[in-house]
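Presented below is the structure to which this report refers.
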Amino acid sequence: MANQTTVSEFFLMGVSKNRKLQILHFMVFLTIYLAALMGNLLIITTISLDYHLHTPMYFFLKNLSFLDICFISVTIPKSFINSLMNSRAISFQGCVSQLFFFLSFIETELVFLTIMAYDRYIAICNPLHYTVIVNKTACCKLACGAWLGGGVYSALNTASTFSLPFCGSLIDQFFCDIPPLLKLSCSHPHIGETVLIAFGTCVALCCFAFITVSYIHIFSAVLKIPSVEGRLKAFSTCLPHLTVVMLFLGTGIFSYMMPTSDSAPVPGGCVLFCDAPAD
């Protein structure tokens, strides 16, 4: 506690001190960001304009595409702008906002993926009652619940994280997130933060379990369809969603469950190529 300081801004980890690599990082991330942005905007526009796509499945898909746009817009633009401007700084308020929206969108997206698994389960395993169970009112309630739940959980987590005293300002990641911020804290995390992290983990595990059980029932029902064409049609509505779930959860597990190095960050705040000469 003796080393506690008032932090007015944080410094994110950079890719390199080499100016050429910084420009390369800017161009690559800008290209990826624009491609993802255009792809999701195309999905949203197509679903909105085509009356035949005004169904619950595509309603949830449109929300998911909008979430993807928001999700990547929270972290990636700041990263490639910092590379372009040869800067690593982010204001305290900017870090708070980034963490809040990052957590909100990631939790909301997880809930939407779970809702979409439920939608496919009802459509395939209980098709006669599909229009009654998954109606317009139910879709709006589920969507509002997902957005509201993600926002409330994020607000509590963000407030709990930034209520801790900080003894440093160098975040060993290219955006503000809970684990690197907790490493900068002068004290152990409060019981409230521990409870919130445990609650979020439990929710993620419950969503994963629900999706897994739903797809077990879905595949069991699909395999009982007598015609090959019917099985392929049923699988075609599920495999894209299942692929997104695997990518979303797989990258999350890789990012948060993999062991990290205990070594301290280098003063220059670089992840790669820190020994390269600056231009």
Side-chain angles (χ1 to χ4, degrees), residues 10 12-13 60 63-76 78-79 90 92-119 141-166 171-215 241-260:
F10 293 96
L12 304 173
M13 292 291 284
F60 294 130
N63 274 268
L64 194 65
S65 295
F66 180 71
L67 266 171
D68 285 338
I69 292 175
C70 297
F71 185 67
I72 61 177
S73 298
V74 170
T75 56
I76 294 182
K78 180 62 177 176
S79 177
I90 181 171
F92 185 89
Q93 294 79 6
C95 192
V96 172
S97 300
Q98 194 176 72
L99 179 63
F100 169 76
F101 287 112
F102 174 77
L103 292 177
S104 178
F105 294 142
I106 199 172
E107 289 293 330
T108 305
E109 184 159 348
L110 178 60
V111 176
F112 263 106
L113 290 174
T114 307
I115 293 172
M116 293 176 74
Y118 173 74
D119 171 72
K141 288 182 179 179
L142 289 171
C144 291
W147 282 99
L148 181 61
V152 171
Y153 175 77
S154 177
L156 293 174
N157 236 320
T158 303
S160 178
T161 300
F162 284 96
S163 67
L164 300 172
F166 295 106
I171 298 176
D172 59 344
Q173 196 159 278
F174 75 93
F175 65 94
C176 294
D177 198 5
I178 290 180
L181 285 170
L182 292 181
K183 291 180 182 179
L184 300 179
S185 175
C186 304
S187 62
H188 294 291
H190 293 168
I191 185 65
E193 180 64 24
T194 304
V195 170
L196 286 170
I197 293 176
F199 175 76
T201 303
C202 289
V203 170
L205 291 175
C206 289
C207 289
F208 175 74
F210 185 90
I211 293 172
T212 302
V213 172
S214 297
Y215 271 103
H241 172 258
L242 189 59
T243 302
V244 173
V245 170
M246 293 176 64
L247 288 174
F248 182 80
L249 295 179
T251 53
I253 292 172
F254 179 81
S255 299
Y256 291 99
M257 299 302 178
M258 293 294 291
T260 57

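These numbers come from a predicted model, not from an experiment.
- Between atom CZ of residue Phe112 and atom CH2 of residue Trp147 there is a gap of 6.5 Å, rounded to the nearest 0.5 Å.
- With contacts defined as side-chain heavy-atom distances shorter than 4.5 Å, the pair Leu184/Asp172 does not qualify.
- Between atom CD of residue Gln173 and atom OG1 of residue Thr75 there is a gap of 9.5 Å, rounded to the nearest 0.5 Å.
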Ring pair (Phe, Tyr, Trp, His ring centres under 6.0 Å) assessment of Phe102 paired with Phe71: CA-CA 6 Å; Phe102 174 77; Phe71 185 67; 5.5 Å; yes

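- Considering only heavy atoms from C-beta on, His241 comes within 4.5 Å of Tyr215 through its side chain.
- Phe175 has its side chain within reach of Gln98: a pair of non-hydrogen atoms, C-beta onward, lies under 4.5 Å apart.
- Within the 3.5 Å criterion, the main-chain N or O of Gln93 finds a donor-acceptor partner in the side chain of Ser97.
- Here CE of Met116 is found 5.5 Å from CG of Leu64. Values are rounded to the nearest 0.5 Å.
- Judged by distance alone, with hydrogens and angles left aside, the side-chain atoms of Ser160 form no donor-acceptor pair with the main-chain N or O of Leu156 at under 3.5 Å.
- Residues Leu181 and Cys95 are in side-chain contact: their nearest non-hydrogen atoms beyond the backbone lie under 4.5 Å apart.
- Remark: side-chain polar atoms of Ser154 are paired, donor with acceptor, to backbone N or O of Phe100 under 3.5 angstrom.
- Applying side chain to side chain contact (heavy atoms under 4.5 Å, CB included) to Thr114 and the options Val203, Ile211, Asp119, Val245 leaves one that passes, Ile211.
- In this structure, Ile171 and Met13 have side chains that are not in contact, with every pair of non-hydrogen atoms separated by 4.5 Å or more.
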Full working for side-chain contact (heavy atoms from CB on, under 4.5 Å) between Ile197 and Leu182: CA-CA 12 Å; Ile197 293 176; Leu182 292 181; 4.1 Å; yes

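- Contact of the Phe60 side chain with the Leu142 side chain is registered, since non-hydrogen atoms from C-beta on lie closer than 4.5 Å.
- Summarising the local packing, CZ of Phe248 is surrounded by more than 12 heavy atoms from other residues, nucleotides or ligands at distances under 6.0 Å.
- Side-chain contact between Thr161 and Ser185 is absent, with no heavy-atom pair separated by less than 4.5 Å.
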Residue pair Leu12, Cys176: steps toward the side-chain contact (heavy atoms from CB on, under 4.5 Å) verdict: CA-CA 8 Å; Leu12 304 173; Cys176 294; 4.3 Å; yes

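- Contact detail for Thr108 and Gly150: the closest heavy-atom pair is OG1-CA, 3.6 Å.
- Residues Ile115 and Ala146 approach most closely at CD1-CB, 4.3 Å, considering heavy atoms.
- Contact record, Asp177 with Leu99: CA-CD1, 3.8 Å, taken as the closest heavy-atom pair.
- Tyr153 places no side-chain N or O within donor-acceptor distance of the main-chain N or O of Phe199, the cut-off being under 3.5 Å.
- Evaluation of the side-chain hydrogen bond (donor to acceptor under 3.5 Å, both in side chains) rule for Thr212 yields no partner, not counting sequence neighbours.
- Inter-residue side-chain proximity for Phe105 and Asp68 is flagged as unmet; no heavy-atom pair is nearer than 4.5 Å.
- Checking side-chain atoms of Glu107 against main-chain N and O of Gly151 turns up no donor-acceptor pair under 3.5 Å.
- Taking the six-membered ring where tryptophan is involved, the planes of Phe92 and Phe162 are perpendicular, since the angle between them exceeds 60° and thus also 30°.
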